[in-house]
Amino acid sequence: MTDNIKIYISCHKDCYLPKGKFLFPIQVGAKNAQVRFPGILHDDVGENISEKNPTYCELTAQYWAWKNEQADYYGFFHYRRYLSFSDQAYQENMYGEVEKDYLDDSVYEDLCLDARKMQETICQYDVLTAKSVCLKKMNKSLKSNFYQYASTPYQYGEDLELLLDIIKEKYPDYVKTAKYYLYESPIGYYCNMFIMKKELFNDYCSFLFDILQEHEKRRDYTDYNIDAYRVSGYLAERLFGIYYTHLKEGGAYRCHELQRVIYFNVQKRECFKPAFQENNIAVALRANDYDVPYLATTLASIMMNASSGNNYDILILTHDIQPENKKILAQMIHGKENFCIRYLDPALLLCRYKLFTKGHVRIETCNRLMLPKMLTHYNKILYLDSDLIVKTDVAELFKEQIDGYFLAAARDVVTAGLYSGYEPDKKEYMDHVLKLKNPYDYFQAGVLLFHLEKFRSQYTTEEILEFAAKEDGRLTEQDILNKLCTGNMKYIDMSWNVMVDFDAMRVLKIIKMAPLWLYQMYIEARRKPKVIHYAGPQKPWLYPEMDMGSVFWKYAKHTPYYEAMLYRMNVSVAVNESKKKKMGPVKLVRRGMQCVRENGFWYTVKYVLKRMFG
């Protein structure tokens with residue numbers, strides 16, 4: 001049994017890469033890459049074809065290993081695709097792949113990437129590869145490997161026909177297998193992933209690269225688009241299928257197939273430390289990619305009310321904000337040396353906890369709950385929802401003394417009104433599900449000052465998630481926080497979280513039901529709000545004349561998304577108009593504290609045009 005096993009993980013982006021005795025990450029296309037990844041192998045050292053990566057894809061790593069490395073077994077994984085050595089059979093998708101969301105340290109256990117287990121499995125065979133894919137499962141119309149290739153928009157049947165011609169000329173022993181595999185076989189082997197004994201690997205590479213180089217000579221790729229230009233990589237998948245099928249037909253070699261696992265998110269998990277050494281005002285925001293314009297407006301309000309004497313460490317909780325939007329947000333703080341923006345994905349942490357599947361709790365439910373675990377180098381952080389406007393320096397709230405408390409927040413006057421009689425089911429829920437000692441101490445979680453160190457000392461991540469999964473997922477994130485923090489809360493002035501009115505409902509019908517002392521707190525906070533929170537069914541980016549909507553647009557003008565928000569609002573109005581022709585279009589008119597709906601579609605359009613052009 002040998003331990004000279006080298007499995008290369010091809011990667012073209014800086015991402016999470018598992019470590020192990022037999023695992024060797026290698027950057028492909030390194031010769032023309034803008035960034036050279038440190039601490040791993042590169043395919044442009046020694047004899048190589050690194051410059052051919054746009055056409056050959058991950059094969060440049062295979063060529064490099066063939067020409068430069070010595071091993072008893074050679075293997076190839078991708079940065080997001082791995083072979084599983086686990087005895088557990090996972091459910092597969094139609095493409096024969098096991099789907100997993102996040103690649104992290106759990107990969108060692110999930111796929112049994114233990115050196116001893118890998119060595120025992122590999123050394124039993126001459127070649128290992130991914131399980132075959134049933135073409136009919138991919139698409140019922142797929143008749144053969146050739147048909148599958150030729151019917152793909154960016155792959156051309158002529159390339160495969162030429163490939164077969166070359167095999168007939170140079171490798172006649174493979175012709176029968178090639179014809180069967182391409183035109184008759186109901187299965188296929190894809191992704192150029194395998195582990196081979198040395199003599200087989202050398203033989204396969206000679207076969208593979210000889211045919212591909214001959215194909216390059218005879219075929220002009222000049223007019224191929226960016227996807228079609230990966231032709232050598234695509235053809236190699238078919239050549240491997242032919243070669244592997246030929247080996248099995250011969251019966252002289254021990255062959256074995258493992259499950260192929262694909263990871264959709266492979267980014268590294270960063271260890272975040274405060275961005276500034278002094279006066280670090282840590283602020284967490286949350287948004288998905290679509291809501292970035294509204295997040296940007298919240299950010300603009302923070303920036304415009306910030307003090308030059310403080311440093312603002314902005315941490316955005318997200319799982320999908322795209323690079324282009326990240327660039328735009330970075331441009332917003334360009335030149336402001338006391339601002340820093342970074343991104344955290346809570347799901348990278350949550351995916352490690354299997355107990356999270358208990359009940360019906362979604363990953364997003366626990367985003368804020370993960371702040372103590374994600375930010376181990378922080379003592380406290382101010383969390384803000386992204387549907388609010390800040391009208392004063394957030395540093396004032398951040399510097400609030402909360403020693404001895406889990407967090408600081410404002411009481412939720414709306415929930416108090418619902419509980420007091422407006423919504424009978426709410427009282428039933430809070431009394432029998434939440435079971436809070438004093439329902440009127442329930443706080444609103446859109447503005448929270450977390451004492452992270454205190455939280456960590458009391459609750460582990462497992463305990464928080466276990467609690468979150470109780471009651472079959474009926475508890476909201478806000479409910480969970482209220483339950484966890486009972487008796488360890490500091491209540492801040494409601495001016496730090498003033499929820500807006502809507503449709504003459506919230507104030508006159510709901511908040512009015514709250515105890516008088518809470519109602520008076522709210523009315524006083526409305527007079528000089530420090531934070532305006534657009535919590536509820538109406539948002540100012542769709543209803544500009546709603547309660548305090550003009551404040552939102554004041555700050556929206558200072559973002560790069562101003563025109564985009566106007567466009568979205570205009571489209572929304574038009575859609576609602578078409579849906580409500582029988583009812584007639586509406587506009588929102590403020591009358592004192594009331595928000596009244598009236599007919600008037602063209603009034604809203606006029607409002608939009610005025611903002612855009614007037």
Can you confirm whether or not the ring centre of Phe201 sits under 6.0 Å from the ring centre of Phe76?
yes
Please work out which of the three classes, parallel, tilted or perpendicular, describes the rings of Tyr63 and Trp66, given edges at 30° and 60°.
perpendicular
Between the CE atom in Met370 and the CG atom in Leu317, the distance rounded to the nearest 0.5 Å is 11.0 Å
Between Tyr312 (side chain) and Ile302 (backbone), is there a donor-acceptor pair under 3.5 Å?
no
Looking at Asp291 and Ala287, would you say the former's side chain and the latter's main chain have a donor-acceptor pair under 3.5 Å?
no
If I take atom CG from residue Asn32 and atom NZ from residue Lys52, how far apart are they, to the nearest 0.5 angstrom?
13.0 Å
Are there more than 12 heavy atoms of other residues, nucleotides or ligands under 6.0 Å from atom OH of Tyr253?
no
Is the shortest heavy-atom distance from the side chain of Met374 to the side chain of Leu371 under 4.5 Å?
yes
Taking the side chain as C-beta and beyond, is there a heavy-atom pair between Glu237 and Tyr189 under 4.5 Å?
no
For Pro372, does its backbone N or O pair with a side-chain atom of Thr376 as donor and acceptor, under 3.5 Å?
no
Against the six-membered ring of Tyr95, is Arg260 placed for a cation-pi contact (under 6.0 Å from the centre, within 45° of the normal)?
no
Do Glu69 and Lys6 sit within salt-bridge range, that is, some charged N less than 4.0 Å from a carboxylate O?
yes
Chi angles and distances behind the salt bridge (Lys or Arg N to Asp or Glu O under 4.0 Å) call for Glu97, Lys131:
CA-CA 9 Å; Glu97 291 184 317; Lys131 280 188 169 184; over 6 Å; no
I want to check something: taking the side chain as every heavy atom from C-beta on, are Ile26 and Ile9 in contact at a cut-off of under 4.5 Å?
no
Ser106 and Asp104 side chains, donor-acceptor separation under 3.5 Å:
yes
Lys NZ or Arg CZ of Lys100 over Tyr90 ring: under 6.0 Å, within 45°:
yes
Separation between OG of Ser86 and CG of Asp114, rounded to the nearest 0.5 Å
11.5 Å
Look at the side chain of Asn145 and the backbone N and O of Tyr181, then say whether any donor-acceptor pair between them is shorter than 3.5 Å.
yes
NZ/NE/NH1/NH2 to OD/OE distance under 4.0 Å, Lys21 and Asp3:
yes
If we ignore hydrogens and angles and just use 3.5 Å, is the side chain of Thr152 paired with the main-chain N or O of Gln155 as donor and acceptor?
no
For the pair Arg230 (side chain) and Thr55 (backbone), establish whether a donor and an acceptor sit closer than 3.5 Å, ignoring hydrogens and angles.
no
What distance do Ile314 atom CD1 and Leu384 atom CG have between them, rounded to the nearest 0.5 Å?
8.0 Å
Taking atom types as modelled, is there a side-chain donor on Tyr79 or Gln27 under 3.5 Å from an acceptor on the other?
no
Indicate yes or no: does Arg36 engage Asp44 in a salt bridge with an N to O separation below 4.0 Å.
yes
Within 45° of the six-membered ring axis of Tyr73 and under 6.0 Å from that ring's centre, is NZ or CZ of Lys198 located there?
no
Assess the pair Phe450 and Phe406: is the distance between their ring centroids shorter than 6.0 Å?
no
Find out whether the Lys NZ or Arg CZ of Lys539 is both under 6.0 angstrom from the six-membered ring centre of Tyr294 and within 45° of the ring's axis.
no
Is Asp43 salt-bridged to Lys67, going by a charged N under 4.0 Å from an acidic O?
no
Please work out whether the ring planes of Tyr149 and Tyr234 are parallel, tilted or perpendicular, with thresholds of 30° and 60°.
perpendicular
Is it the case that atom NZ in Lys117 sees more than 12 heavy atoms from other parts of the structure closer than 6.0 Å?
yes
Using a 6.0 Å cut-off, check whether atom NE2 of His334 has over 12 heavy atoms from anything other than its own residue.
no
Can you tell if the side chain of Glu58 reaches within under 4.5 Å of the side chain of Asn53, non-hydrogen atoms only?
no
Approximate separation, where rounding is to 0.5 Å, of Met138 CE and Gln148 CD
4.5 Å
Kindly say whether Asp289 contributes a backbone atom to a donor-acceptor pair with the side chain of Asp320 at under 3.5 angstrom?
yes
Determine whether a donor-acceptor pair (N or O, by modelled atom type, separation under 3.5 Å) exists between the side chain of Ser50 and the backbone of Lys31.
yes
Donor-acceptor under 3.5 Å (His78 side chain, Cys191 main chain):
yes
Within-4.5 Å side-chain heavy-atom neighbours: Leu285 and Leu315:
no
Before you tell me yes or no, could you show the steps for Arg368 and Asp385 under salt bridge (Lys or Arg N to Asp or Glu O under 4.0 Å), namely the whole-Å CA-CA distance, both residues' side-chain angles and the distance that decides it to 0.1 Å?
CA-CA 10 Å; Arg368 279 171 287 193; Asp385 276 348; 3.7 Å; yes
Are Tyr224 and Tyr156 near enough that their ring centres are under 6.0 Å apart?
yes
Should the pair Tyr243 and Tyr204 be assigned to parallel (<30°), tilted (30 to 60°) or perpendicular (>60°) ring geometry?
tilted
Measure the CG-CG distance between Leu59 and Leu208 for me, rounded to the nearest 0.5 Å.
6.0 Å
Member of Phe194, Phe22, Tyr82, Tyr8 meeting the ring-ring contact (aromatic ring centres under 6.0 Å, His included) criterion with Phe77
Tyr82
Can Asp313 and Arg342 be counted as an ion pair, charged N to O under 4.0 angstrom?
yes
Distance alone, cut at 3.5 Å: any donor-acceptor contact between the side chains of Asn202 and Tyr74?
no
Flag, side chain of Asp479 to backbone of Thr476, donor-acceptor distance under 3.5 Å
yes
Exceeds 12 heavy-atom contacts within 6.0 angstrom, atom NZ of Lys137:
no
